[in-house]
Student: 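Pasting in a structure now, in structure tokens, and then I'll have a few things to ask.
Source: prediction; values computed, not measured.
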Amino acid sequence: MKTKPLLFRLLAVTLGCLGALVAATAALLLSLGGGPQWDAPLMIQQMDCSHGICRDRPGSQRSVRDAAGGHFTVTANSEGFRGADPPAPGSGLVVEIFGDSMIHGTGVEDDHTIARRLELALRRRLGTEAVYAINYGMPMNYLVSSLATYERWGRTHAPDVVVLTYHGGIPSPRDVNSLVQQIRGSWLMSSTFETWAGRTLINRVQSASLRHYSEREAIAALQPGFARLAADQRERGTAVVFFSFGDRYDQLARIVPRGLEYTTVTTGIGGWEGYRSSRYIIPGDGHPNALGTEFYGSAIAATLEPILRARLAARAGR
């Protein structure tokens, strides 16, 4: 006769523990509050993250909701990056541009990314169709991942120019790709993100811890990638250009090692304040709109034109 009361007590304790766990999880989610929504678990589910860099699934096409509630289309090439396939070796001049969602083209159609606008501007300026701009921008990528992307995919095409996006300051050594690796290295996190609550919890925890790093750690994380780029500059003559949406290059000399030569793009936008108040951004979003990608593509092309003209002249003189 005592068995049932005992079972009821055990059931009550179990339910109480589960309730407490749910309440604690909810409290944790609420306490972590806002902050950037990286959603690394969602990146793992939607993209190919098998090489340590999350990219679109090669050859895929997907419709993405924009800030205004509409949609834009993202078409991935055979490497999993937005735009056409890289040209065959020897086809012409090759420019590669790296960065985050602003380079990838969040909010605009495939034909209005900065890479595509840059390519068309260079063709007009140089009077040749044999110049290609490859888009290696991916959402939530920082400079450390841009250098890793160059190492893994970009350098295969022996680019004439590498354009690296720089947002100012000392770039964080942690972006969405490091968060993906953190999830994959943990059985608990890997199994947790199968549910909405689990994804939300992981996302909030990772976002809250994102900025805990030292300046020394951040600079050190960039050095291997810069070393490879410097070696290619010596051996292949690869030109390096830094581009900033807000014309901010204040800490660039501190992070770029000696021996790597580079130039910077000047847009005259008037800093980040000028960018945010300009007609070049998507309202309520912050990414460049189609007018903005045209503006920035033309600004980068103006900086690259003399570099590429010299390349054309050198090739013609061979």
Student: Do you know the tightest heavy-atom contact between P58 and R55?
Tutor: CG-NH1, 3.8 Å
Student: In Å and rounded to the nearest 0.5 Å, what is the CD1 to CE distance from I44 to M189?
Tutor: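 The CD1 atom of I44 sits 8.5 Å away from the CE atom of M189.
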Student: Is there a donor-acceptor pair closer than 3.5 Å between any side-chain N or O of D175 and the backbone N or O of Y142?
Tutor: yes
Student: Using the side-chain contact (heavy atoms from CB on, under 4.5 Å) rule, take Y150 and L229 through it: C-alpha gap first, then chi angles, then the decisive distance, then the call.
Tutor: CA-CA 8 Å; Y150 170 75; L229 200 52; 3.5 Å; yes
Student: Between L164 and F243, is there a side-chain heavy-atom distance shorter than 4.5 Å?
Tutor: no
Student: Quick one: OG on S50 to CZ on R184, what's the gap to the nearest 0.5 Å?
Tutor: 7.0 Å
Student: Say you draw a straight line from CD1 of I97 to CD of E119; how long is it, rounded to the nearest 0.5 Å?
Tutor: 11.5 Å
Student: Rounded to the nearest 0.5 Å, what separation is found between the CD atom of E79 and the CG atom of D85?
Tutor: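 Between E79 CD and D85 CG, I get 7.5 Å after rounding to 0.5 Å.
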Student: Should H167 and T165 count as side-chain neighbours, where that means a heavy-atom distance under 4.5 Å?
Tutor: yes
Student: For N141 and H104, does a side-chain donor sit closer than 3.5 Å to a side-chain acceptor?
Tutor: no
Student: Roughly how far, to the nearest 0.5 Å, is CD1 of I281 from CE of M102?
Tutor: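 Answer rounded to 0.5 Å: 8.5 Å.
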Student: Any pair with a residue in residues 243-265 that passes side chain to side chain donor-acceptor pair (under 3.5 Å), sequence neighbours left out, goes on the list, sorted by first then second residue, please.
Tutor: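 Every side chain to side chain donor-acceptor pair (under 3.5 Å) pair that includes a residue of residues 243-265, provided the two are not neighbours, is E215-R254, D247-T267, R248-D250, Q251-R254.
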Student: Any side-chain heavy-atom pair from L312 and R315 closer than 4.5 angstrom?
Tutor: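 The answer is no, as the side chains (C-beta and beyond) never meet within the 4.5 Å cut-off.
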Student: Please report the shortest heavy-atom distance between N77 and P86, naming the atom on each side.
Tutor: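 Looking at all heavy atoms of both residues, the shortest contact is ND2-CD, 4.1 Å.
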Student: Which pairs pass ring-ring contact (aromatic ring centres under 6.0 Å, His included) with one or both residues in residues 71-103, sequence neighbours excluded?
Tutor: F81-Y136, F81-W153, F98-Y136
Student: Do R236 and D160 sit within salt-bridge range, that is, some charged N less than 4.0 Å from a carboxylate O?
Tutor: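 Salt bridge flag = no for D160 with R236.
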Student: Would you check if the side chain of E96 reaches a backbone N or O of A158 as a donor-acceptor pair within less than 3.5 Å?
Tutor: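 The answer is no, because no donor-acceptor pair under 3.5 Å joins these two groups.
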Student: Please determine if E217 and R174 form a salt bridge, counting it only when a charged side-chain N lies under 4.0 Å from a carboxylate O.
Tutor: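 R174 and E217: salt-bridged.
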Student: Using ring centroids (six-membered ring only for Trp), state whether F245 and Y280 fall under 6.0 Å.
Tutor: no
Student: Looking at R62 and D56, is there a salt bridge between them, counting it only when a charged N and a carboxylate O are closer than 4.0 Å?
Tutor: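 The answer is yes: the pair qualifies as a salt bridge.
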Student: side-chain contact (heavy atoms from CB on, under 4.5 Å), that's the test. Do Q206 and Q182 meet it? Break it down for me.
Tutor: CA-CA 9 Å; Q206 287 188 323; Q182 183 182 42; 2.8 Å; yes
Student: Check whether S91 reaches the backbone of P87 with its side chain - one donor and one acceptor, N or O, closer than 3.5 Å.
Tutor: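 Not confirmed, S91 side chain does not pair with P87 backbone.
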Student: Does D232 reach the main-chain N or O of P159 with its side chain, forming a donor-acceptor pair under 3.5 Å?
Tutor: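 No; judged by distance alone, with no hydrogens or angles, the pair does not exist.
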Student: When you measure from the side chain of R199 to the backbone of D39, do you find a donor-acceptor pair of N or O atoms at a distance under 3.5 Å?
Tutor: no
Student: If Ile, Leu, Val, Met, Phe, Trp and Tyr residues are connected whenever their side-chain heavy atoms lie under 4.5 Å apart, and connections chain through other members, are L147 and Y213 in the same group?
Tutor: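 No; Y213 is not reachable from L147 via cluster members.
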Student: Quick check against the 3.5 Å criterion: does S207 have a side-chain atom that pairs as donor or acceptor with the backbone of R204?
Tutor: no
Student: Look only at the side chain of R117 and the backbone of H112, and say whether a donor-acceptor pair between them is shorter than 3.5 Å.
Tutor: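 Checking the backbone N and O of H112 against the side chain of R117, no donor-acceptor pair under 3.5 Å is found.
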Student: Can you give me the closest heavy-atom contact between Y275 and S278, atom names plus distance?
Tutor: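 Heavy atoms only, the tightest pair is O-OG, 2.7 Å.
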Student: Between M138 and M47, is there a side-chain heavy-atom distance shorter than 4.5 Å?
Tutor: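 A side-chain contact under 4.5 Å exists here.
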Student: For the hydrophobic clusters of this structure (ILVMFWY residues joined by side-chain heavy atoms under 4.5 Å, transitively), does one cluster hold both L126 and Y132?
Tutor: no
Student: State whether the side chain of S101 and the backbone N or O of T106 hold a donor-acceptor pair below 3.5 Å, judged by distance alone.
Tutor: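 Absent.
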Student: Does V74 belong to the same Ile/Leu/Val/Met/Phe/Trp/Tyr cluster as L42, with side-chain heavy atoms less than 4.5 Å apart forming each link?
Tutor: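 Not linked; separate clusters.
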Student: Which pair of heavy atoms, one from G297 and one from A121, lies closest together, and at what distance?
Tutor: O-CB, 4.4 Å
Student: Determine the minimum heavy-atom distance between G105 and T113, stating which atoms define it.
Tutor: CA-CG2, 4.3 Å
Student: Whether the T238 and Q233 side chains hold a donor-acceptor pair (N or O, under 3.5 Å, no angle test) is what I'd like checked.
Tutor: no
Student: Look only at the side chain of D110 and the backbone of T75, and say whether a donor-acceptor pair between them is shorter than 3.5 Å.
Tutor: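 At least one qualifying donor-acceptor pair exists.
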Student: Do V64 and I282 sit in one hydrophobic cluster, given that two such residues count as connected whenever their side-chain heavy atoms are within less than 4.5 Å of each other, even indirectly?
Tutor: no
Student: Is a salt bridge present between E151 and R155, judged by a nitrogen-to-oxygen distance below 4.0 Å?
Tutor: no
Student: Checking side-chain contact (heavy atoms from CB on, under 4.5 Å) for the pair L122/T128: CA distance, chi angles, key distance, verdict?
Tutor: CA-CA 8 Å; L122 286 173; T128 176; over 6 Å; no
Student: Do R116 and N135 touch side chain to side chain, with heavy atoms closer than 4.5 Å?
Tutor: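 No - every pair of side-chain heavy atoms lies 4.5 Å or more apart.
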Student: In Å, rounded to the nearest 0.5 Å, how long is the span from CZ of F193 to CG of L188?
Tutor: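 F193 CZ to L188 CG: 12.0 Å, rounded to 0.5 Å.
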Student: Are D48 and R57 ion-paired here, with the side-chain N under 4.0 Å from a carboxylate O?
Tutor: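 Judged by the 4.0 Å cut-off on N to carboxylate O distance, D48 and R57 do not form a salt bridge.
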Student: How close do C54 and N177 get, counting heavy atoms only, and between which atoms?
Tutor: N-OD1, 2.7 Å
Student: Would the distance check show the side chain of E294 and the main-chain N or O of A290 forming a donor-acceptor pair, the cut-off being under 3.5 Å?
Tutor: no
Student: List the steps, then state whether side-chain contact (heavy atoms from CB on, under 4.5 Å) holds for V95 with I134.
Tutor: CA-CA 6 Å; V95 175; I134 305 175; over 6 Å; no
Student: What I'd like to find out is whether the side chain of I255 reaches to under 4.5 Å of the side chain of L143, using heavy atoms alone.
Tutor: yes
Student: Just so I know, are the side chains of Q181 and C49 near enough to count as touching, which here means a heavy-atom distance under 4.5 Å?
Tutor: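 The answer is no; the side chains never approach within 4.5 Å.
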Student: Side-chain contact test, heavy atoms from C-beta onward, threshold under 4.5 Å: evaluate it for I269 versus F295 and give yes or no.
Tutor: yes
Student: Indicate, with yes or no, if L120 and I307 share a hydrophobic cluster defined by side-chain heavy-atom contacts under 4.5 Å among Ile, Leu, Val, Met, Phe, Trp and Tyr.
Tutor: no
